[in-house]
Every structure is written in C-alpha cells, then in structure tokens.
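To start, the structure under review is shown below, and the notes come after it.
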Protein chains: 2
Amino acid sequence: MPKQLTVLDAEVCCAPLATAAVPADAAADVAAAFKAMGDPVRLQLLSMITSAAAGEICVCDLTPAFELTGPTISHHLKVLREAGLVESDRRGTWVWYRANRSRLAALSAVLDVTPAD
Amino acid sequence: MPKQLTVLDAEVCCAPLATAAVPADAAADVAAAFKAMGDPVRLQLLSMITSAAAGEICVCDLTPAFELTGPTISHHLKVLREAGLVESDRRGTWVWYRANRSRLAALSAVLDVTPAD
DNA sequence: GTGCTGAGTTGACAGATGTCTAAGTAGGCG
DNA sequence: CGCCTACTTAGACATCTGTCAACTCAGCAC
C-alpha cells in the first residue's frame, strides 16, 4: 500500500490559482508537485535536468554536483519521478533523466497572475 | 534564533528553470516558496486568497471552508506569510489577507518552459 | 471596568522527511 | 565465470511538520 499514488497522468487540472478557488482533489495533485519542488536539492536537480543541453542528463552528471551520497540523490530523483516532474530511462550502464515539460507548463499556468493590471 | 528567515524581499531571482541550472542560494529561496505551496490546505488557502473578489479575504471566511481548527488554519497562514506569498492586515476585529502577486508571477516564470517548440 | 468574539501563540504528539550506511540489482569487460 | 561500476532499495535515525487542546492577545459592546 503506497503512501502516495504516483501521478502518472499528470492531472494538474488547469484553472490558475487567481481565477477560482482550487477544489480539494485538484489541490492535492498540484500540491504534491510543489511539495516535490519544495526541497532545494530537488529543485536544483529538476533545474539541471530541465536545462540539460541534450534534453536529458545522466545521473552520473547529477550526483557529483552535490555533497550528498548516491542513495540520497537517488531518493530525490525518485520523489521527482513520482511527482510526474521527470522521467528516467536506463540505457546500458547509465540512467538518463529528462523533464516532463507539459507538467511544468501546467504548473506554471496555475501560478499565472498576468491578467492582473 | 529563527529556524528560517522570513522572505521579506521576495527574491525569487529570475531565470527560468529550463534556461540554466539554478544556483544553490536562489534554489533555497524558490524552494521555500514551493514548499509553502506543497500542502493541499495551504494551496487552497492561497487560491482562495488570490482569487478573492475584493482582492482580499477575511480569515473568518477562510476557516469555515476547512474541517480544521482555527489554530491550524492560523499556522498555515503563517507559513504562507513567511514564504512571502501573502500579506495580512488587521482592521478592527478581523484580519484580512491578500496575495503577493509579484511573487506568484516570479514563481510562475521560474517554471516557464514555453521556448520549447 | 466585564464580557464576548476573532485571531494568534504555545506545547504536545503522531507521522512524514532527509540523510546516511549497508546491501541489492543491472550492465559492461576481461 | 568473476569483478567492477552505476544506480536503486532497505533500514535506521534525527529532525521537521501538521494537527489539536489550552491559553493569550486584540478589539468591540455594554
């Protein structure tokens, strides 16, 4: 029994925060994504993955960027994966991570407040 | 000795996640904001405050929307305040909350991935 | 003043979270 | 096959977090 469902379909509903009160079920999904980004290490990992020149990046390039052990980095990557923010793919010896850009875009839209003059 | 500084000046630096790797100090600030939004109750509170018709909303209108005690709502509002996401203002008997829209806009920009084709 | 009501603070406690070490799995190479 | 490297999983542990009950503070009315 998983303590938290993996967000495979990246719901992230839609309506910007500022437009209308977010219903509870949508809030749970969006909050889960923000929670995953709520750790400095994970935010940096997500940034490194999202901004990777090749569109993806190897764990072996992520780990040495932090003064943390491999298992700890692996744990943070798992959290990002379960939040639907990144996807991973093993090719031979190495594992490559890439960002789920549509989910990032949806989250960005939720925070959008531009209509304010 | 506060365990965490209050983010008064709403740093939130600038460069979108996808543009370049976020430096550690900026990541700490942005992550703190996302962390505050990483709880479903707080996200709904933020949404109710941001979407309030009058631009602000009374705590007395927030509390009954949840099956939680007053102190718990008060705690969540404090977290949102310390993250620089909302501001409060006591007028007479009631306390009014309004959103810090510039900070929300900055966070939205951090997640922006539009340049992707 | 006393009393009432809205909101915040304090202290306590169960449960979640970040980190590590140790062990396990997957793939390449000799 | 064995061995090495890259990564993940499992357990343990200290810290942090969300919640509540009890209390305090601020403002209004009498």
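Just so it is clear, the values below take in all heavy atoms, side chains as well, and ignore hydrogens, waters and symmetry mates. Throughout, protein chains are lettered first and strands after them, A, B, ... in sequence-line order, and every chain is numbered starting at 1.
dT17(D) atom C1' lies 14 Å from atom CG of Asp39(A), rounded to whole Å. Computed from coordinates, the Ile73(B) CD1 to dA21(D) C1' distance equals 16 Å when rounded to whole Å. In this structure, the CZ atom of Phe34(A) is 17 Å from the P atom of dT17(C), given to the nearest Å. One atom, CG of Leu43(B), and another, C1' of dG18(D), lie 16 Å apart when rounded to the nearest Å. Atom NE2 in His75(B) sits roughly 8 Å away from atom P in dT17(D) (whole-Å rounding). For Glu82(A) and dA16(C), the CD to P distance is 14 Å, given to the nearest whole Å. Rounded to a whole Å, the CH2 atom of Trp94(A) is 13 Å from the C1' atom of dC4(D). Between the C1' atom of dA10(D) and the NZ atom of Lys78(A) lies a distance of 10 Å, rounded to the nearest Å.
Remark: Thr72(A) is not in phosphate contact with dT19(C), judged by side-chain N or O atoms under 4.0 Å from OP1 or OP2. Neither OP1 nor OP2 of dT17(D) sits under 4.0 Å from any side-chain N or O of His76(B).
Salt bridge annotation for Arg91(A)-Glu56(A): present, with a cationic side-chain nitrogen under 4.0 angstrom from a carboxylate oxygen.
Using a 4.0 Å heavy-atom criterion, one finds that Tyr97(B) contacts the sugar-phosphate atoms exclusively. Across all strands, Leu68(A) comes closer than 4.0 Å only to sugar-phosphate atoms, never to a base (heavy-atom distances).
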(message) Can you build the contact string for nucleotides 22-30 of chain C? Use B for base contact, S for sugar-phosphate-only contact, and - for no protein heavy atom under 4.0 Å.
(response) B----SS--
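In terms of position along DNA chain C, the nucleotide closest to Thr63(B) lies nearer the 5' end than the nucleotide closest to the other residue of the pair Thr63(B) and Val79(A).
Leu77(A) approaches Val86(A) most closely through the heavy-atom pair O-CG2, 4.4 Å. Smallest separation of non-hydrogen atoms from Ser47(B) and Ala20(A): OG-O, 3.0 Å. In this structure, Trp94(A) and Cys60(A) approach most closely via the heavy-atom pair CD1-SG, 3.6 Å.
Atom CG of Leu46(B) sits about 10.5 Å away from atom CG of Leu62(B), to the nearest 0.5 Å. Note that OG1 of Thr19(B) is 8.0 Å distant from CG of Asp112(B), once rounded to the nearest 0.5 Å.
Applying side chain to side chain contact (heavy atoms under 4.5 Å, CB included) to Met37(A) and the options Leu111(B), Val110(B), Val30(B) leaves one that passes, Leu111(B).
For Thr69(A), the side-chain atoms get nearest to dC20(C) when compared with the rest of dG6(C), dC20(C), dG8(C). In the set dT17(D), dA7(C), dG8(C), dT17(D) carries the atom at the smallest distance from any side-chain atom of Lys35(B).
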